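Throughout, numbering of the chain's residues begins at 1 and tracks the sequence. Everything numeric here is computed off the predicted structure, so don't read it as measured data.
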Amino acid sequence: MRPARLELRRVRMDLVSPFRTSFGSQTDRDILLLRWFGADGEEGWGECVALSEPVYSPEFVDGVELVLEDHIWPRLRAAGEITADDIADILEPLRGHPMAKAAIEMAALDAELRANDTDLRRHLGATRDRIPSGVSVGIHPTIDELLAAVGGYVDEGYARIKLKIEPDWDIEPVRAVRELIGPDMALQVDANTAYGREDIDHLCRLDEFDLLLIEQPMAEEDLIGHARLAAASTTPVCLDESIVSARTTADAIELGAAGVINIKPGRVGGYLESRRIHDLCVAADVPVWCGGMLETGIGRAANAMLAALDGFTLPGDISASSRFWARDIVVDPITVVDGHVAVPDAPGLGFELDMDELERVTYRTRLLD
Ligand code: SMG
Ligand code: MG
């Protein structure tokens with residue numbers, strides 16, 4: 001496939017309710033979508049997971065657009081005939097920017113797989129046709145409001161609950177939710193780096209709630225701090241922000257900093273690197289699960305195909321489209337039935353765009369050639 005043109009499309013979509021984490025509150029998403037045009041009529045879409053501000057990781061959506069235009073697209077255009085599997089190597093000389101790289105690899109994969117009348121699940125060698133679905137619940141103003149939200153998700157049938165935590169919103173909310181949902185339902189927490197090594201004793205107080213895992217309590221760079229917590233606590237430590245490649249994954253496992261790995265294709269530079277991380281975790285007997293970045297139906301479909309790999313033994317943050325969106329930009333938004341999401345069985349990344357809705361939420365489109 002020869003890259004011919006690239007459409008950069010920005011959409012703004014309101015969330016159905018505010019989503020607050022330890023690093024901030026979101027009421028909408030400003031998302032960059034990529035449309036890949038190959039020289040022989042191939043066409044595909046990718047979704048960039050970067051947020052508006054560099055508060056989750058160093059990338060942010062305006063910066064991604066610049067990097068794509070000035071550095072990534074010119075290199076791919078110059079490379080001539082390529083496959084999607086070549087893209088990571090072609091872009092290897094560019095330091096960092098995994099979310100930008102993942103987005104373009106995703107658009108190329110969608111185009112290539114559709115042209116070959118196959119899909120990402122088969123390309124990755126995944127076999128499952130349904131996967132357990134978890135939901136991520138933000139920090140709420142009061143415990144009563146949190147319990148009302150969690151109760152609603154339990155009624156919708158989710159297979160596990162994840163609570164966002166931060167200092168002063170941890171022990172008591174987790175205790176209240178554990179009491180509400182009972183001892184058997186899967187429960188985990190995510191701190192998005194809000195704690196430090198000095199908090200290890202405090203975090204060990206979460207052990208009594210029988211959590212599946214605690215996700216990224218400390219800074220992205222602090223593998224030793226995570227290893228110390230893992231040694232002190234009975235709750236498995238899971239890394240999210242720290243895991244930016246297969247190499248950092250291998251190091252984190254060897255150091256004892258992670259007993260569980262959250263794989264987000266955007267954060268690690270793409271679906272193919274995600275596959276490599278999955279494989280090395282399976283070899284090391286480390287469970288993995290697929291994270292989420294409040295994706296539209298594009299990213300949600302692709303993530304479901306990735307999570308169909310056997311090593312994804314824990315429920316992912318692949319919730320129903322309606323968890324975040326009143327109306328998605330795809331024709332067949334993902335739903336949750338009996339706590340599971342059906343893995344799409346359709347070409348490419350497995351979605352079909354609702355072009356009317358896509359046009360409605362688009363506020364800017366540019367074409368690179
Ligand atoms: O897509 O369900 C989703 C969101 C899951 O909590 C979620 N993501 O750290 O894992 C995480 C966060 C990152 C995004 S917060 C804006
Ligand atoms: Mg996380």
Side-chain angles (χ1 to χ4, degrees), residues 15 17-29 49 51-58 60 134-153 158 160-181 186-230 232-243 257-260 262 264 267 289 291-294 317 319 323-324:
L15 303 183
S17 56
F19 185 58
R20 183 153 108 66
T21 67
S22 62
F23 60 76
S25 186
Q26 288 194 262
T27 53
D28 61 10
R29 282 281 274 129
V49 300
L51 304 178
S52 302
E53 296 181 292
V55 286
Y56 165 81
S57 72
F60 60 104
V135 62
S136 176
V137 187
I139 294 167
H140 279 67
T142 64
I143 289 184
D144 281 348
E145 285 162 274
L146 173 70
L147 293 180
V150 169
Y153 295 129
Y158 282 102
R160 72 98 168 106
I161 303 288
K162 156 167 144 180
L163 300 181
K164 292 291 188 178
I165 59 167
E166 65 180 1
D168 296 328
W169 184 264
D170 46 27
I171 310 297
E172 293 318 317
V174 173
R175 184 191 309 284
V177 168
R178 179 49 93 198
E179 277 170 15
L180 176 78
I181 65 180
L187 178 64
Q188 64 192 54
V189 294
D190 184 2
N192 290 108
T193 76
Y195 297 88
R197 296 181 185 185
E198 66 282 5
D199 298 312
I200 288 178
D201 287 346
H202 176 73
L203 291 172
C204 286
R205 292 179 58 201
L206 291 167
D207 287 347
E208 68 170 292
F209 305 116
D210 194 22
L211 303 177
L212 265 184
L213 56 91
I214 177 169
E215 182 179 345
Q216 198 71 41
M218 301 181 203
E220 178 180 329
E221 299 81 2
D222 194 5
L223 292 184
I224 299 291
H226 286 100
R228 288 187 187 162
L229 174 64
S233 156
T234 59
T235 305
V237 173
C238 169
L239 293 180
D240 172 355
E241 284 90 331
S242 300
I243 300 300
V260 181
N262 168 328
K264 285 181 185 166
R267 197 193 57 231
W289 56 283
M293 291 294 291
L294 299 87
D317 281 342
S319 48
R323 158 68 184 90
F324 291 112

[X] side chain near [Y] side chain, heavy-atom distance below 4.5 Å:
X      : Y      : result
Arg205 : Asp170 : no
Thr21  : Ile139 : no
Phe19  : Arg323 : yes
Val174 : Leu211 : yes

Check your understanding: Is the cationic atom of Arg160 (NZ for Lys, CZ for Arg) positioned less than 6.0 Å from the six-membered ring centroid of Trp289 and within 45 degrees of its normal?
Key ->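 Arg160 over Trp289 ring: yes.
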Review point. So Gln216 and Ser242, side-chain hydrogen bond (donor to acceptor under 3.5 Å, both in side chains) or not? Walk me through it.
Key: CA-CA 8 Å; Gln216 198 71 41; Ser242 300; 2.9 Å; yes
How long is the gap from [atom1] on [X] to [atom2] on [Y], to the nearest 0.5 Å?
X      : Y      : atom1 : atom2 : answer
Asp207 : Ile214 : CG    : CD1   : 9.0 Å
Glu241 : Asn262 : CD    : CG    : 8.0 Å
Thr142 : Trp169 : OG1   : CH2   : 6.0 Å
Asn192 : Asp240 : CG    : CG    : 6.5 Å
His226 : Leu239 : NE2   : CG    : 5.5 Å
Glu208 : Thr235 : CD    : OG1   : 10.0 Å

Point to revise | side chain to side chain contact (heavy atoms under 4.5 Å, CB included) between Ser22 and Tyr195, intermediate numbers included | key: CA-CA 10 Å; Ser22 62; Tyr195 297 88; over 6 Å; no
Practice item. Decide yes or no on side chain to side chain contact (heavy atoms under 4.5 Å, CB included) for Leu206 and Ile165, but give the supporting numbers first. Key: CA-CA 11 Å; Leu206 291 167; Ile165 59 167; 4.2 Å; yes
Exercise for review: Would you sort out whether Arg197 and Ile224 count as a side chain to side chain contact (heavy atoms under 4.5 Å, CB included), showing the intermediate values?
Suggested key: CA-CA 9 Å; Arg197 296 181 185 185; Ile224 299 291; 3.5 Å; yes
Check your understanding: So Glu215 and Gln188, side chain to side chain contact (heavy atoms under 4.5 Å, CB included) or not? Walk me through it.
Key -> CA-CA 8 Å; Glu215 182 179 345; Gln188 64 192 54; 4.2 Å; yes
Check your understanding: In chain order, what residues pass the salt bridge (charged side-chain N to carboxylate O under 4.0 Å, His left out) check against Arg178, with sequence neighbours excluded?
Key ->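 Listed in chain order: nothing, the list is empty.
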